[in-house]
J.: 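The structure that follows is given in the form of structure tokens.
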Amino acid sequence: MKKYNVFKIFMIITMFLTSIATVISPFLINIWIKNNENIDKSKIFLILILIIFSIAINILITWIREIFAKEFNKNNFKMYLKKFYKLEYDYILESGPMSLLERMIMGVNSLYTYLVSDVVMIYSRVISIGIILLIVFFQDKIIFLLFLSLIPIYYLSFKLLNKSLLHKSKQLQEISSKMWGDILSVLEKTDYIKQLSDKRYIDKIIDQKIEKVYKKQSNLNAFAQSITVFITGISTLFQTMIIIYSVLISLESGKFFNTILISIILPLFINSLSQITNSNVSKRDFKVSNDYFNSWKNFYEKSGKKDLAHINNISFDISTISISNKTFDIDLKDDFSKGDIVWVNGKSGSGKSSLLKLIVRFRDENSIYINKTDIREYDIDQLRDKIEYISQNIAIVNASLRENLFLDQKYSTEKEEKMKKDVLLNSILKNKTFDSIITANASNLSSGEKQKIALVRALYKNTDILILDEITSGIDIETSKLIYDRIKEISRDKIIFIVSHQALDENLYNKKIEIE
């Protein structure tokens, strides 16, 4: 905020200088004409210098603003990202990660447009308007009053307009983020879409989403532009009255310097007024985004305050799990300690994954205890630091193999050397190096290779609980055996839960959770 205030002060000063340079030229011309002075080369040269100075300052302002904007936008995105990380698991799923990302980007843009661009511009335009009014006041009091009357016409009219648009803009942002997220969820299924010879049915789904977005946008624009045209028409009427009055006075006095002055500064005055009133649009967008992000506070995860150094045991006393309108009958009362490998078995959709997500506190449950203490009492970040949950949707990003292996932990050369020797990476390193890029959607990896990367990443973290959710689903028997053998090797100082609807080798696990 301190940097922003320094930036704002600097920009106001520079924009004040350019406002003076812009307004002073017609003022000087008016004085020269009024005093019957010859406009010689030196005077023309002075006007050119003032215009060039104004252009140079505006270019400088643009560059400085955009240099500042890079850090400003980056920091604000990080701010929203921190808020995103605190959101509840179910809220993220219901809203859609892509929809939330779009709203975050819109929020960054609205902050930039309003705080970096428009707020500074408003100050400078207010200065310009003040100088112009001062000049007109000493020229003609009636023209001054006509100029003055334009201010409430613009301000009050656009204020009422923007108040009406505020609700409509909120609806547009909500619909847009939801619909574009839905469209992306279809288009990102590249393999499926490419193999379709007839895309009419896909198009039909997308068309419905596009229709909703553009219909809402069209209605909003039609409303805004119609009211704007009306307000601009009233403004044009007043401008015409000012010009006519100025010409009549000039004809009566035989001196046309007033008309010349008015014809030069009236467009500057109207332009400054328009920029100030139009800034209400960005202020409206800023308010919409700000209100939206403030609403996130209702969906933040709740964290305990108790420190957690190690997890030695975990206890369950659960009969049912309720998620939205669905209830799972679990009936689990058992204790598990380090060294236990637990097979979680059950039919598809019986609640196996839902049960184990409670350990990582994706959802809150009052019947789980770690080290004999209610899980909710622990600091949520410390808790998750001691647990590694490998879901069916393996986290692989478009980056190097090294970056994927160190995705959630600090890099070290020593750890990398150990990873290179890990049996799980042997097949991957035959064709790739740690610098090899994993393409978008991990299209240059097999299912088994994705699982191996996820498991290696987990094995080299200092965690006490390892949760493997269908980690061998869809991969060959040889790879499955390799993974399970490696799990067995590191099981002594961990509690390991293996979710699998397929039967496991009895020599692998020592405890079992059966969910009907």
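Note: hydrogens, waters and symmetry copies are ignored here, and every other heavy atom, side chains too, is used.
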J.: Does S42 have any side chain to side chain donor-acceptor pair (under 3.5 Å) partners at least two apart in sequence or in another chain, and if so, which?
T.: D40
J.: Where do A399 and N404 come nearest, in terms of heavy atoms and distance?
T.: O-ND2, 3.5 Å
J.: List the steps, then state whether side-chain contact (heavy atoms from CB on, under 4.5 Å) holds for R376 with S303.
T.: CA-CA 7 Å; R376 295 171 300 173; S303 176; over 6 Å; no
J.: Any sub-3.5 Å donor-acceptor pair from T113's side-chain atoms to S110's backbone N or O?
T.: no
J.: Which pairs with one or both residues in residues 47-72 pass salt bridge (charged side-chain N to carboxylate O under 4.0 Å, His left out), sequence neighbours excluded?
T.: E71-K74
J.: So, do V116 and N73 sit near enough that their side-chain heavy atoms are less than 4.5 Å apart?
T.: no
J.: Who are the side-chain contact (heavy atoms from CB on, under 4.5 Å) partners of L134, not counting sequence neighbours?
T.: F138
J.: Distance from N109 atom CG to I105 atom CD1, nearest 0.5 Å?
T.: 7.5 Å
J.: Holding to ring-ring contact (aromatic ring centres under 6.0 Å, His included), I want the full list of residues that pass it with F406, two or more places apart in sequence or in another chain.
T.: Y411
J.: Are any of the side-chain heavy atoms of I64 and I61 separated by less than 4.5 Å?
T.: no
J.: Taking all atoms of both residues into account, what is the closest heavy-atom pair of K386 and L308, and its distance?
T.: CE-O, 4.1 Å
J.: Can you tell me if Y214 has over 12 outside heavy atoms packed within less than 6.0 Å of its OH?
T.: no
J.: Who are the ring-ring contact (aromatic ring centres under 6.0 Å, His included) partners of F434, not counting sequence neighbours?
T.: none
J.: To the nearest 0.5 Å, what is the distance between NZ (K432) and CG (L425)?
T.: 11.5 Å
J.: Assess whether atom CD of E417 is packed by more than 12 heavy atoms of other residues, nucleotides or ligands within 6.0 Å.
T.: yes
J.: Would you check if the side chain of N290 reaches a backbone N or O of F286 as a donor-acceptor pair within less than 3.5 Å?
T.: no
J.: Are R402 and E416 within salt-bridge range, i.e. N to O under 4.0 Å?
T.: yes
J.: Using a 4.5 Å cut-off on heavy atoms from C-beta on, say whether the side chain of Y378 contacts that of R361.
T.: no
J.: I want to check something: taking the side chain as every heavy atom from C-beta on, are I390 and D469 in contact at a cut-off of under 4.5 Å?
T.: no
J.: Quick one: list whatever passes side-chain contact (heavy atoms from CB on, under 4.5 Å) with S446, sequence neighbours left out.
T.: E449
J.: The criterion is side chain to side chain donor-acceptor pair (under 3.5 Å); which residues satisfy it with K209, sequence neighbours excluded?
T.: D182
J.: Mind listing the closest non-hydrogen atom pair of I92 and L100 along with its distance?
T.: CA-CD1, 4.0 Å
J.: Indicate the atoms forming the closest heavy-atom contact of M79 with L111, along with that distance.
T.: CE-CD1, 4.2 Å
J.: For D307 and Q382: C-alpha separation, side-chain torsions, deciding distance, then whether side-chain contact (heavy atoms from CB on, under 4.5 Å) applies.
T.: CA-CA 7 Å; D307 290 334; Q382 291 187 33; 3.0 Å; yes
J.: Side chains of N398 and I437: closer than 4.5 Å at any heavy-atom pair?
T.: yes
J.: Can you name the one residue among K415, R457, K461 that meets side chain to side chain donor-acceptor pair (under 3.5 Å) with Q409?
T.: K415
J.: Any side-chain heavy-atom pair from M104 and V108 closer than 4.5 angstrom?
T.: no
J.: Assess whether atom CG of N393 is packed by more than 12 heavy atoms of other residues, nucleotides or ligands within 6.0 Å.
T.: no
J.: Mind checking the CD1-CG spacing from I142 to L146? Nearest 0.5 Å is all I need.
T.: 7.5 Å
J.: Nearest 0.5 Å, what's the CG-CZ distance between L150 and F269?
T.: 6.0 Å
J.: Looking only at heavy atoms, what is the nearest atom pair of K452 and S427, with distance?
T.: NZ-OG, 2.9 Å
J.: Give me each pair satisfying ring pair (Phe, Tyr, Trp, His ring centres under 6.0 Å) with a member in residues 380-403, each pair once, sequence neighbours excluded.
T.: F362-Y389
J.: Could you walk me through whether T463 and D385 pass side-chain contact (heavy atoms from CB on, under 4.5 Å), step by step?
T.: CA-CA 7 Å; T463 57; D385 190 50; over 6 Å; no
J.: For S400, check side chain to side chain donor-acceptor pair (under 3.5 Å) against everything at least two apart and list the hits.
T.: E403
J.: What distance do I438 atom CD1 and I453 atom CD1 have between them, rounded to the nearest 0.5 Å?
T.: 5.0 Å
J.: Would you call the rings of W296 and Y91 parallel, tilted or perpendicular, where under 30° means parallel and over 60° means perpendicular?
T.: perpendicular
J.: Less than 4.5 Å apart, side chain to side chain, heavy atoms only: is that true for E102 and S176?
T.: yes
J.: Quick check on the 6.0 Å ring-centre criterion: do F72 and Y112 meet it?
T.: no
J.: Can you name the residues that form a ring-ring contact (aromatic ring centres under 6.0 Å, His included) with F137, not counting sequence neighbours?
T.: F144
J.: Quick one: which residue pairs count as a salt bridge (charged side-chain N to carboxylate O under 4.0 Å, His left out) with a foot in residues 76-99, not counting sequence neighbours?
T.: D90-R363
J.: Do the charged groups of K418 and D422 touch, with an N to O distance under 4.0 Å?
T.: no
J.: Quick check for you: to the nearest 0.5 Å, what is the distance between F68 atom CZ and F10 atom CZ?
T.: 12.0 Å
J.: Could you go through the side-chain contact (heavy atoms from CB on, under 4.5 Å) check for V360 and R384 one step at a time?
T.: CA-CA 6 Å; V360 208; R384 288 172 178 168; 3.9 Å; yes
J.: List for me each residue that meets side chain to side chain donor-acceptor pair (under 3.5 Å) alongside K212, sequence neighbours excluded, and say none if there are none.
T.: none
J.: Quick check on K215: does its NZ atom have over 12 non-hydrogen neighbours (other residues, nucleotides or ligands) under 6.0 Å away?
T.: no
J.: List the atom of K450, the atom of I394, and the distance in Å for their closest heavy-atom pair.
T.: O-CG2, 3.6 Å
J.: Could you tell me if T439 and S443 have a donor-acceptor pair between their side chains, going purely by distance under 3.5 Å?
T.: yes
